[in-house]
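First the structure, in the form of structure tokens, and then the observations on it.
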Amino acid sequence: MIQPKNFVKTVLSWQAAHGRHQLPWQHPATPYRVLVSEIMLQQTQVATVIPYFERWMTRFPTLQSLADASEDEVMALWQGLGYYSRARNLQKAARFLVDTYNGEFPQELTDIQSIPGVGRYTAGAIKSFAYDEYGPIVDGNVRRLFCRLFGVEGVPSTSKVDKALWQLAEDYTPNQNNRRFAQGLLDLGATLCTARNPKCTECPFADHCVALHTGRVSELPTAKPKKTIPKRTGHFLWLQKDSELYLEKRPEHGIWASLWSLPELGEAPTNATLKGSFQHTFSHYKLDAKIWTLTTIPNDTVAEGKADKWAAFDDLTDIGLPAPIRKYIEQHSR
DNA sequence: TAGTCGTGGAC
DNA sequence: TGTCCAAGACT
């Protein structure tokens with residue numbers, strides 16, 4: 001098994017020669033910019049995040065500006081990126097840091113992890129990237145790299161394997177050059193030790209890799225047994241008055257939380273006409289959406305305790321809408 | 001522990 | 001076309 005000192009040295013030299021050095025959040029890597037980028041990057045590819053990060057930094061250049069913003073504007077900027085609780089938590093984080101730490105960031109790992117939306121990985125990433133200090137990280141990249149390099153067996157999401165991976169991360173993380181080291185781990189996982197078609201011939205750890213030596217590269221990390229996702233039907237109301245559309249704000253919890261949307265109905269309406277439908281696949285279920293329209297506009301509309309509004313088609317750009325709802329509207333409004 | 005929570009890229 | 005999966009956190 002490769003020794004920590006040797007491992008660190010190899011990660012650092014490989015990162016210098018082959019790693020990514022021009023990511024927007026690297027220049028400069030302030031705590032706020034690192035926080036925003038890390039939250040955006042959760043379960044989201046780098047190429048997808050970059051334009052969102054640039055727009056975000058233009059509109060919310062500081063923690064204070066984010067703390068002062070309206071929720072609607074925050075959600076509008078996040079629209080299309082998915083996992084919308086991240087956006088709400090990010091603003092919670094800004095307000096938390098302003099209120100609790102006078103707008104500064106805490107230094108200790110445990111205090112960093114107390115920030116809303118910041119778990120163990122993100123806390124370690126902030127320590128490494130923003131402070132260049134000791135901060136172990138285990139994300140999908142590190143998980144893949146470690147499982148293969150050290151031959152870790154078992155499904156990574158189980159507590160036993162998860163604990164073993166974090167122990168490895170703690171043991172193999174150095175006490176200096178942490179920014180470059182953490183970036184090297186992620187770059188290795190993202191560009192060489194990939195989920196499919198890894199570039200083992202270019203890997204600096206080919207000589208030490210247990211998976212490569214035992215012919216188990218494609219078997220590690222151990223895949224989680226997958227279960228079939230259920231189908232659900234959703235009913236949505238299309239209420240149009242001239243060039244305006246009736247929208248409701250969705251609840252704080254559940255799918256598309258805090259976004260605006262075509263009103264969702266509890267069941268298929270009886271006195272309405274089917275306008276169209278679309279399919280959308282989430283991570284845990286498949287949605288069969290039915291769009292209904294009324295021939296006569298009621299005087300009192302739908303919302304009970306919900307925010308609602310009539311929005312002009314031209315104004316929809318700056319309203320946070322679910323991606324498939326936006327797509328449907330765009331395809332049926334001209 | 002197992003679900004919930006989105007969207008788009010890659011193959 | 002479907003399937004996997006991506007810098008996870010929270011409940």
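As a basis for the values below, the full set of heavy atoms in this structure was taken, side chains included, without hydrogen atoms, waters or symmetry mates. Fair warning: this is a prediction, and the values are worked out from it, not measured in the lab. Order of the sequence lines fixes the chain letters, A, B, ..., with proteins taken first and strands second; residue numbering starts at 1 for each chain.
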Main-chain N/O of [Y] paired with [X] side-chain donor or acceptor, under 3.5 Å:
X       : Y       : answer
S128(A) : G135(A) : yes
H208(A) : F150(A) : no
R86(A)  : W78(A)  : no
Q91(A)  : L66(A)  : yes
Y52(A)  : Q79(A)  : yes
S65(A)  : T62(A)  : yes
S13(A)  : T10(A)  : yes
T44(A)  : L41(A)  : no

Expressed as a whole number of Å, how far does the [atom1] atom of [N] sit from that of [M]?
N      : M       : atom1 : answer
dT1(B) : dA9(C)  : C1'   : 15 Å
dC5(B) : dC5(C)  : C1'   : 15 Å
dC4(C) : dG6(B)  : C1'   : 15 Å
dA7(C) : dC11(B) : P     : 14 Å

Would you call E264(A) and R232(A) a salt bridge, using N to O less than 4.0 angstrom?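 Salt bridge between E264(A) and R232(A), a charged N being under 4.0 Å from a carboxylate O: no.
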Salt-bridge contact K160(A)-D162(A) (side-chain N to carboxylate O under 4.0 Å):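 Salt bridge: no.
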Would you mind classifying the nucleic acid contact of [X] as base, sugar-phosphate or nothing, using non-hydrogen atoms under 4.0 angstrom?
X       : value
H253(A) : nothing
L23(A)  : base
W78(A)  : nothing
R120(A) : sugar-phosphate
A125(A) : nothing
K227(A) : sugar-phosphate

Looking at the rings of F282(A) and W256(A), which for Trp means the six-membered one, are their centres under 6.0 Å apart? yes
Test of ring centre spacing under 6.0 Å for F60(A) and Y32(A): no
Pairs satisfying salt bridge (Lys or Arg N to Asp or Glu O under 4.0 Å), at least one member in residues 132-141 of chain A, at least two apart: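 Qualifying pairs, neighbours excluded: K127(A)-E133(A).
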Where at least one partner belongs to residues 19-38 of chain A, residue pairs that pass salt bridge (Lys or Arg N to Asp or Glu O under 4.0 Å), sequence neighbours excluded: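 Pairs touching residues 19-38 of chain A that pass the test: R20(A)-D187(A).
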Between V34(A) and the options F105(A), F129(A), W25(A), the side chain to side chain contact (heavy atoms under 4.5 Å, CB included) test singles out F129(A)
Can you pull out the residues from residues 87-94 of chain A that lie within a 4.0 Å heavy-atom distance of DNA chain C? none
What residues 127-145 of chain A contributes to the DNA chain C interface at heavy-atom separation below 4.0 Å is D139(A), G140(A), N141(A), R144(A)
State which residues pass salt bridge (charged side-chain N to carboxylate O under 4.0 Å, His left out) with D72(A); sequence neighbours excluded, sorted by chain then number. K249(A)
Salt bridge (charged side-chain N to carboxylate O under 4.0 Å, His left out) with R55(A): which residues, sequence neighbours excluded?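 Not a single residue meets the salt bridge (charged side-chain N to carboxylate O under 4.0 Å, His left out) criterion with R55(A).
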Which residues in [range] have a heavy atom closer than 4.0 Å to any atom of DNA chain B?
range                       : answer
residues 157-189 of chain A : S159(A)
residues 33-65 of chain A   : Q43(A), T44(A), Q45(A)
residues 111-118 of chain A : none

Any donor-acceptor pair under 3.5 Å linking the side-chain atoms of Q240(A) with those of W238(A)? yes
Do K241(A) and W310(A) meet the cation-pi criteria used here (NZ or CZ under 6.0 Å from the six-membered ring centre, within 45° of the axis)?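 Positive - K241(A) is close enough to the ring of W310(A) and near enough to its axis.
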Ring-face cation of R250(A) near W260(A) (centre distance under 6.0 Å, axis angle within 45°):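 Not satisfied by the 6.0 Å and 45° rule.
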Pick the nucleotide of DNA chain B nearest each of I255(A) and K224(A); which residue has the one closer to the 5' end? K224(A)
Under 4.0 Å from a heavy atom of chain A: give me the 5'-most and 3'-most nucleotides of DNA chain C that qualify. dC4(C) to dC10(C)
Counterpart residues, ring-ring contact (aromatic ring centres under 6.0 Å, His included), relative to F313(A) (two or more places apart): none
Boundaries of the chain A footprint along DNA chain B (any atom under 4.0 Å from a heavy atom): dT1(B) to dA10(B)
